[in-house]
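Here the structure is laid out as structure tokens; the discussion comes afterwards.
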Amino acid sequence: MSSSSGEALRLRLRLRRAGLLALAGGALAGCGFHLRQPPRMGFGRIALTGFEPRSPMAQELRRQLGATARVVDSPGQAEVVLHALDDVRERSVVASTAAAQVRELQLRVKFNFRAGTPGGRELIPRVELLLSRDLSYRETAALAKEMEEAELFREMQADLAEQVLRRLASLKI
């Protein structure tokens, strides 16, 4: 095989790959594929009340609501008031060895809330959301497991915030 026929073969393969990539891109664009968008809210302003100062859940809700509604400080300025009743992170030992070494943990995030208007009309009655994750544990990897635990808590917090937003999006004001 000469070098010119080898180059021609490589060029043909490159063109074929480029054609397949363009075809795949066109198929994805034509099938209606869209990245997940935040739910559309039926209101423009919301107040978050009842949260502890620097609450991770309040911060996550503010972050996710930022694209769809304005978070205001005073319930009087809001169309909807989301009131946190309970915002708890728990960590418990699920399994241990005979030598009392922890082998598995369960992480839980519980969030109770209700939503209403500033005038006191109830829009969403008390709702309890609870998520849990299991985490294997080894003392030899304590730092890594601590980082994994923090990441799991962040993911659960984001998931709970998405669930709250979907409930808020269903409101008709």
Side-chain angles (χ1 to χ4, degrees), residues 17 20-21 24-25 27-28 31-43 45-75 78 80-117 122-171:
R17 277 190 214 128
L20 286 173
L21 286 173
L28 272 179
C31 76
F33 174 79
H34 297 286
L35 291 176
R36 186 183 307 178
Q37 300 294 316
R40 291 201 151 300
M41 300 297 162
F43 54 88
R45 294 178 316 277
I46 185 169
L48 304 177
T49 63
F51 289 94
E52 294 290 324
R54 302 172 105 168
S55 163
M57 186 64 187
Q59 291 173 351
E60 184 64 28
L61 283 168
R62 276 190 180 87
R63 187 186 70 74
Q64 289 193 24
L65 279 164
T68 58
R70 192 168 137 234
V71 180
V72 295
D73 295 328
S74 169
V80 174
V81 177
L82 179 84
H83 184 72
L85 304 169
D86 205 10
D87 182 8
V88 179
R89 287 180 167 201
E90 298 173 340
R91 176 183 193 246
S92 61
V93 175
V94 178
S96 59
T97 66
Q101 292 179 325
V102 175
R103 285 294 167 237
E104 192 168 333
L105 298 169
Q106 186 175 61
L107 309 176
R108 286 184 297 274
V109 177
K110 181 171 68 170
F111 182 59
N112 291 321
F113 72 96
R114 68 173 188 249
T117 63
E122 187 175 76
L123 298 171
I124 299 176
R126 181 186 176 108
V127 175
E128 179 176 304
L129 301 174
L130 177 67
L131 289 178
S132 65
R133 300 286 186 271
D134 292 331
L135 174 68
S136 63
Y137 189 81
R138 288 191 329 261
E139 290 79 13
T140 57
L143 183 58
K145 290 299 177 175
E146 185 178 312
M147 291 170 52
E148 184 179 357
E149 178 181 330
E151 182 61 29
L152 284 171
F153 272 128
R154 274 191 299 277
E155 287 174 7
M156 288 190 290
Q157 209 84 49
D159 189 12
L160 283 177
E162 287 174 12
Q163 290 183 41
V164 171
L165 263 57
R166 284 193 297 271
R167 283 173 170 79
L168 290 171
S170 69
L171 293 177

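Count residues from 1 along the sequence.
Residues A78 and A47 share a closest heavy-atom pair of CB-N, 3.5 Å. Nearest heavy-atom pair, T117 versus V81, reported as atom, atom and distance to 0.1 Å: C-CG2, 4.4 Å. In terms of heavy atoms, M57 sits closest to A161 at CE-N, 3.6 Å. Taking each heavy atom of P125 and R114 in turn, the nearest pair found is C-CB, 4.2 Å.
Side-chain N or O atoms of K145 include one that pairs as donor or acceptor with a backbone N or O of S136 at under 3.5 Å. The closest donor-acceptor contact from the side chain of Q64 to the backbone of A158 lies under 3.5 Å. Side-chain atoms of S96 never come within 3.5 Å of backbone atoms of A100 as a donor-acceptor pair (strictly under, hydrogens ignored). Listed for the S170 side chain is a donor-acceptor partner under 3.5 Å among the backbone atoms of R167.
Residues satisfying the ring-ring contact (aromatic ring centres under 6.0 Å, His included) test with F111, not counting sequence neighbours, are F51, F113. Not a single salt bridge (Lys or Arg N to Asp or Glu O under 4.0 Å) links E146 to another residue, sequence neighbours left out. Taking E122 as the reference, nothing meets the salt bridge (Lys or Arg N to Asp or Glu O under 4.0 Å) condition, with sequence neighbours excluded.
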task: Begin with the C-alpha distance, continue with both residues' side-chain angles, and end with the deciding distance and a verdict on side chain to side chain contact (heavy atoms under 4.5 Å, CB included) for R166 and V164.
output: CA-CA 5 Å; R166 284 193 297 271; V164 171; over 6 Å; no

- request: Show your working on side chain to side chain contact (heavy atoms under 4.5 Å, CB included) between R108 and S92 and close with a plain yes or no.
  value: CA-CA 8 Å; R108 286 184 297 274; S92 61; 3.3 Å; yes

task: Evaluate side chain to side chain contact (heavy atoms under 4.5 Å, CB included) for I46 paired with R70, printing each intermediate quantity in order.
output: CA-CA 6 Å; I46 185 169; R70 192 168 137 234; over 6 Å; no

message: Before you tell me yes or no, could you show the steps for L123 and V80 under side chain to side chain contact (heavy atoms under 4.5 Å, CB included), namely the whole-Å CA-CA distance, both residues' side-chain angles and the distance that decides it to 0.1 Å?
response: CA-CA 8 Å; L123 298 171; V80 174; 4.0 Å; yes

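Taking CG of D86 as the start and CG of L129 as the end, the distance is 11.5 Å to the nearest 0.5 Å. With values rounded to the nearest 0.5 angstrom, D87 atom CG is found 9.5 Å from N112 atom CG. Between L135 atom CG and E149 atom CD the span is 6.5 Å, to the nearest 0.5 Å. With rounding to the nearest 0.5 angstrom, the CD atom of E60 is 10.0 Å from the CG atom of D159. Note that CG of L152 and CD of E148 are 5.5 Å apart. Values are rounded to the nearest 0.5 Å. We find the CG-CZ distance between L168 and R40 to be 15.5 Å, quoted to the nearest 0.5 Å.
L107 has its side chain out of reach of S132: every pair of non-hydrogen atoms, C-beta onward, lies at least 4.5 Å apart. Within the 4.5 Å cutoff, side-chain heavy atoms of L65 are placed close to those of L165. No side-chain heavy atom of L105 sits under 4.5 Å from any side-chain heavy atom of D134.
Using a cut-off of 4.0 Å between Lys/Arg side-chain N and Asp/Glu carboxylate O, R133 and E151 are scored as not salt-bridged.
When the shell of 6.0 Å around CZ of R103 is examined, it contains more than 12 heavy atoms from other residues, nucleotides or ligands.
There is a side-chain donor-acceptor pair under 3.5 Å between R89 and Q157.
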